[in-house]
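Report on the structure given below.
Just follow the structure's listing: the first ligand is 1, and inside any ligand the first atom is 1. All heavy atoms count here, side chains included; hydrogens, waters and symmetry mates do not. The structure displayed is predicted, hence computed values, not measured ones.
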Amino acid sequence: MNEPLAPESVIAGNRLERRLPDAKPTYADGEAVGEANRCLYCYDAPCVQACPTGIDIPGFIRKIATGNLRGSARTILSANLLGYSCARVCPVEVLCVGACVYNDWHRYPPIQIGRLQRYAVEKMFDAGKAATLLPRAPATGKKVACVGAGPASLAAAGYLALEGVAVTVYEQRALAGGLNTTGVAPYKMHVEGALAEVEFVRSLGVSLRTGVEVGRDVKPADLLRDHDAVFLGVGLGADTRLGIPGEQGAGVVGATAWIERLKLEPGFTFAGIQRVLVVGGGNTTIDAARELARLGVPEVTMVYRRTAAEMPGYAHELELARKEGVRLLERAVPKEFARDGGGRLMALRLADGRELPADLVILGIGQAKLRELVAQFPGVALDEKGFVVVDDATGRTGNPKVFAGGDALGGELVVTAVQEGKRAARAICAALGLTARADAPMLAGHR
Ligand code: SF4
């Protein structure tokens with residue numbers, strides 16, 4: 001029996017993210033068919049090569065064009081079980097859409113693959129038909145535990161459940177979905193979308209235990225004893241701090257913690273905030289800055305220690321942020337925070353002597369690794385950066401019973417996490433002697 005996802009009030013409250021509308025609303029039927037009919041159904045399509053999960057993109061687009069939405073969604077989900085969230089959060093500009101042959105002609109825009117993918121899967125979600133799309137194997141008697149309920153774990157769990165494996169996902173938070181639920185920019189996807197996808201995975205027979213922390217409530221040794229395999233999709237920990245004077249106290253917050261409050265906390269507000277500095281150069285930093293600007297904060301400045309060209313965040317996202325009024329301060333190295341006598345944050349001082357007035361500083365400089373939890377699984381090693389070491393072909397760790405994927409391996413994208421979950425599910429099936437079915441969903445796609 002599955003646990004309830006969460007009290008309704010957790011997601012039904014007055015959440016700030018609801019003030020940020022969908023930047024790419026779902027297609028109307030006519031729009032989707034019109035866009036699908038522009039596709040050239042390329043042989044050896046470059047868009048497919050650019051998709052980490054190898055979705056048959058021309059195949060699913062052709063099915064939209066011919067009115068076969070059920071077949072279209074099946075094509076997507078067989079290669080990428082989280083094809084719904086990926087359609088909404090993938091950086092398609094540097095993946096499938098960026099590879100579309102239309103880009104070379106500079107005459108017509110590339111095919112809007114993400115929006116078409118969303119259209120097909122959303123239609124099945126809305127009609128309550130997604131659970132019946134993929135073929136299921138009979139129960140095998142095998143058991144697998146997945147630690148963490150982010151995209152990597154959900155993908156591994158869903159594919160394994162379809163292969164007849166009894167899967168339990170353990171999640172320490174009240175809500176499943178990982179960063180899809182707690183961290184995706186609201187103008188890309190709201191919490192409701194992430195939870196709809198979690199429900200889809202549950203509908204495949206996955207058991208979800210939220211509010212249960214492995215390492216505290218459940219011992220890793222017990223998981224290993226009671227299951228045939230364990231998948232670690234544990235993600236990352238708390239936001240990293242700068243470690244400079246004045247940092248402790250109100251007004252200095254971590255980016256992922258702040259975005260989570262924006263998305264999930266009923267009644268969360270930051271009224272009166274006029275000047276915000278967002279420190280860092282990654283995509284989380286850009287997301288936080290864009291969210292603040294869109295919510296009407298007059299002065300939002302990204303503070304980055306190197307130049308724009310060296311930023312790890314996507315150039316197209318930075319461009320959008322600038323259009324929305326976000327400023328970028330390059331070669332800016334924080335030295336200390338200035339506070340008044342009452343401890344109120346006043347400014348951020350830089351190493352070059354400049355002083356940046358601020359009401360709020362958001363730190364997007366990384367997240368801690370979950371070393372302590374990983375260390376409780378014998379044989380699982382970490383590399384020098386603190387990421388879990390796995391075999392490239394299988395996702396298997398140094399412990400033959402333990403596999404891993406997602407942020408704990410150092411990836412950043414939902415779609416690569418899904419691919420790593422799929423890779424591990426395949427390898428676990430092989431290790432458990434489960435015969436690959438000809439119609440097995442996770443064998444679809446070219447990878
Ligand atoms: Fe269609 Fe573009 Fe992919 Fe060709 S590259 S199959 S036109 S989406």
Apply the test salt bridge (Lys or Arg N to Asp or Glu O under 4.0 Å) to residues Glu291 and Arg294: give CA-CA distance (whole Å), side-chain angles for both, the deciding distance (0.1 Å), then the verdict. CA-CA 5 Å; Glu291 286 155 27; Arg294 283 174 170 233; over 6 Å; no

Run the salt bridge (Lys or Arg N to Asp or Glu O under 4.0 Å) check on Asp391 and Arg423 step by step: do they pass? CA-CA 11 Å; Asp391 171 60; Arg423 172 180 70 179; over 6 Å; no

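Listed by chain and residue number, Tyr41 satisfy the side-chain contact (heavy atoms from CB on, under 4.5 Å) test with Arg62 (two or more places apart in sequence, or in another chain). Legend: residues meeting side-chain contact (heavy atoms from CB on, under 4.5 Å) with Glu93, ordered by chain and number and at least two apart, are Lys24, His316.
Take atom 4 (Fe) of ligand 1 and draw a sphere of radius 2.8 Å; the protein N/O/S atoms inside it number 1.
When all heavy atoms are compared, the tightest approach of Leu160 to Cys429 is CD2-SG, 3.8 Å.
At a heavy-atom cutoff of 4.0 Å, ligand 1 is contacted by no atom of Val48, backbone or side chain.
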Side-chain donor/acceptor pairs under 3.5 Å, residues 177-187, sequence neighbours excluded:
from: Asn180; atom 1: ND2; to: Ser85; atom 2: OG; distance (Å): 3.0
from: Thr181; atom 1: OG1; to: Ala176; atom 2: O; distance (Å): 2.7
from: Thr182; atom 1: OG1; to: Gly178; atom 2: O; distance (Å): 3.3

